[in-house]
Amino acid sequence: MTGATVAQVLHTAATRLAAAGVDTPRADAEWLLAGLLGARRGDLGLLLSQQPDAGLLARYEAAVERRRRREPLQRILGWESFRGLCLRLSPDVLVPRPETEVLVDLALGLLPPPRAGRRPVVVDVGTGSGCVAAAIAAERGDVLVVATDTAVAALRVARDNARGLGLSRVLPAAVDVLAAVGPGVADLIVSNPPYLPTGLLAGLAPEVRDHDPRMALDGGDDGLVVLAGLLLEARRVLRPGGGLVVESAGGDQAETVRRLAEDAGLVDAAVHRDLAGVARFISARSVWSEAPLRVS
């Protein structure tokens, strides 16, 4: 498209993306060009009559082709915004989803209020990019967040994101769920774990199926392998009255997870809806006190 204006280039790109089944072809075309220009998407309107040089045009066409093949926009750009934080991504982590921002809201609501001389401890299980850990640490300056994951490559991404945001209170740790976390350590456990039943993975959108790490999606035959293990460990790890909030696949699974939380000895278990009204999040807490163990 030598000699084409920015307006013409965007129109052609959006047409190609629409034909490939991309949900938001014009917006994606604009984001890709803005990313290459180092500009804000809203500034493109000032450039519509300009003609991109050959080098920029070649890079743009390559980026559009990647998106046409259904590589996620965020992976091409290399970042995603989450609760106002710019998070770098790699193939080793999930792209943060908008609905997970509600998980952070619920988590913040379960934390004890700030108190002088007291630093609440949050454990973020399966941190991935570190989006949840970073958001909690950014919005509650008094907390310490232990960000756990079994994938070392994912922990590197979480560490780099925390460092880039100046959040030294996020501590990445290679831990399998809660196995290595000491008893009574956490004021809050938060998690967006793998929760999809294995049989559903093949039917996911190409952006997810072909580009998100499988271990961050696959929750086993019923989707509950990680969630069930997390809930069984939660009561041991939480301080008296400590809170827990997890994300699920939604619908019937959310109610199942709520019951599992009660079966694990947690109290006040409740289901919460996401931005689309889907029952997706489950909160609970440990009991405030327990009767002392009697030895006969």
Side-chain angles (χ1 to χ4, degrees), residues 1-101 127-131 134-135 151 153-165 192 201-217:
M1 289 189 65
T2 303
T5 65
V6 166
Q8 292 168 327
V9 168
L10 286 172
H11 176 75
T12 300
T15 300
R16 290 178 62 196
L17 295 180
V22 173
D23 290 338
T24 54
R26 177 70 187 198
D28 287 18
E30 292 176 354
W31 274 116
L32 291 172
L33 185 56
L36 289 172
L37 290 170
R40 294 177 298 182
R41 179 186 166 206
D43 292 338
L44 293 180
L46 303 174
L47 309 174
L48 294 179
S49 62
Q50 297 185 15
Q51 294 182 357
D53 63 49
L56 174 61
L57 188 58
R59 294 194 301 274
Y60 183 61
E61 289 179 345
V64 171
E65 177 60 18
R66 289 171 67 183
R67 186 68 186 104
R68 189 190 71 80
R69 294 179 179 273
R70 305 297 291 276
E71 185 174 347
L73 174 68
Q74 297 91 337
R75 296 203 183 279
I76 302 170
L77 294 173
W79 62 273
E80 174 62 309
S81 177
F82 185 83
R83 291 183 73 92
L85 303 176
C86 182
L87 297 160
R88 298 297 172 183
L89 304 176
S90 84
D92 305 297
V93 300
L94 290 174
V95 174
R97 309 309 200 246
E99 59 266 24
T100 303
E101 295 195 5
T127 195
S129 67
C131 61
L155 283 175
R156 283 197 291 267
V157 176
R159 178 201 62 198
D160 291 346
N161 276 322
R163 286 179 178 175
L165 294 165
N192 179 17
L201 299 183
L204 296 174
E207 287 86 347
V208 178
R209 182 191 64 223
D210 300 335
H211 296 280
D212 276 339
R214 185 183 179 96
M215 68 178 297
L217 299 171

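Just so it is clear, the model here is predicted, and its values are computed rather than measured.
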Quiz prompt | Verdict with reasoning, Val93 to Glu80, per side-chain contact (heavy atoms from CB on, under 4.5 Å) | solution = CA-CA 12 Å; Val93 300; Glu80 174 62 309; over 6 Å; no
Quiz item: Just how far is it from atom CD of Gln74 to atom CG of Leu87, taken to the nearest 0.5 Å?
Solution: 11.5 Å
Quiz item: Once you round to the nearest 0.5 Å, how far does CG of Leu56 lie from CG of Leu33?
Solution: 6.0 Å
Self-check item: Nearest-0.5 Å distance that lies between atom CG in Leu89 and atom CG in Leu77
Solution: 9.5 Å
Practice problem: Say whether, by atom type as modelled, one donor and one acceptor occur between the side chain of Tyr60 and the main chain of Ala29 under 3.5 angstrom. | Solution: yes
Practice problem: Work out which heavy atom in Leu94 is nearest to a heavy atom in Ala216; give both atom names and the distance. | Solution: CG-CB, 3.7 Å
Practice problem: Please lay out, stage by stage, how Arg16 and Glu65 fare under the test side-chain contact (heavy atoms from CB on, under 4.5 Å). | Solution: CA-CA 9 Å; Arg16 290 178 62 196; Glu65 177 60 18; 2.7 Å; yes
Practice problem: Please report the shortest heavy-atom distance between Ala135 and Phe82, naming the atom on each side. | Solution: CB-CE2, 3.9 Å
Quiz item: To the nearest 0.5 Å, what is the distance between CG (Leu37) and CG (Leu32)?
Solution: 11.0 Å
Practice problem: Check Thr127 against Ala158 and note the closest heavy-atom contact, atom names and distance. | Solution: CG2-CB, 3.9 Å
Quiz item: Say you draw a straight line from OG1 of Thr15 to CZ of Arg26; how long is it, rounded to the nearest 0.5 Å?
Solution: 9.0 Å
Exercise. Please name the pair of heavy atoms, one in Pro52 and one in Ala4, separated by the smallest distance, quoted to 0.1 Å.
Key: CD-O, 3.3 Å
Quiz item: Can you name the nearest heavy-atom pair linking Glu71 to His211, along with the distance?
Solution: CA-NE2, 3.4 Å
Self-check item: Shortest non-hydrogen contact between Val157 and Ser90, atoms and distance
Solution: CG2-OG, 3.3 Å
Quiz item: Is the backbone N or O of Trp31 less than 3.5 Å from a side-chain atom of Arg41, with the two atoms forming a donor-acceptor pair by type?
Solution: no
Quiz item: Is Glu30 salt-bridged to Arg40, going by a charged N under 4.0 Å from an acidic O?
Solution: no
Exercise. To the nearest 0.5 angstrom, please state how far the CZ atom of Arg209 sits from the CZ atom of Arg214.
Key: 11.5 Å
Quiz item: Can Arg75 and Asp212 be counted as an ion pair, charged N to O under 4.0 angstrom?
Solution: yes
Quiz item: For the side chain of Asn161 and the backbone of Arg88, is there at least one donor-acceptor N/O pair under 3.5 Å apart?
Solution: yes
Quiz prompt | Passing option when Asp28 is tested against Leu73, Asp23, Val64 for side chain to side chain contact (heavy atoms under 4.5 Å, CB included) | solution = Leu73
Practice problem: May I ask you to decide if Pro98's main-chain N or O and Glu101's side chain share a donor-acceptor pair within less than 3.5 Å? | Solution: no
Practice problem: Could you tell me whether the side chain of Arg70 and the main chain of Arg68 form a donor-acceptor pair under 3.5 Å? | Solution: no
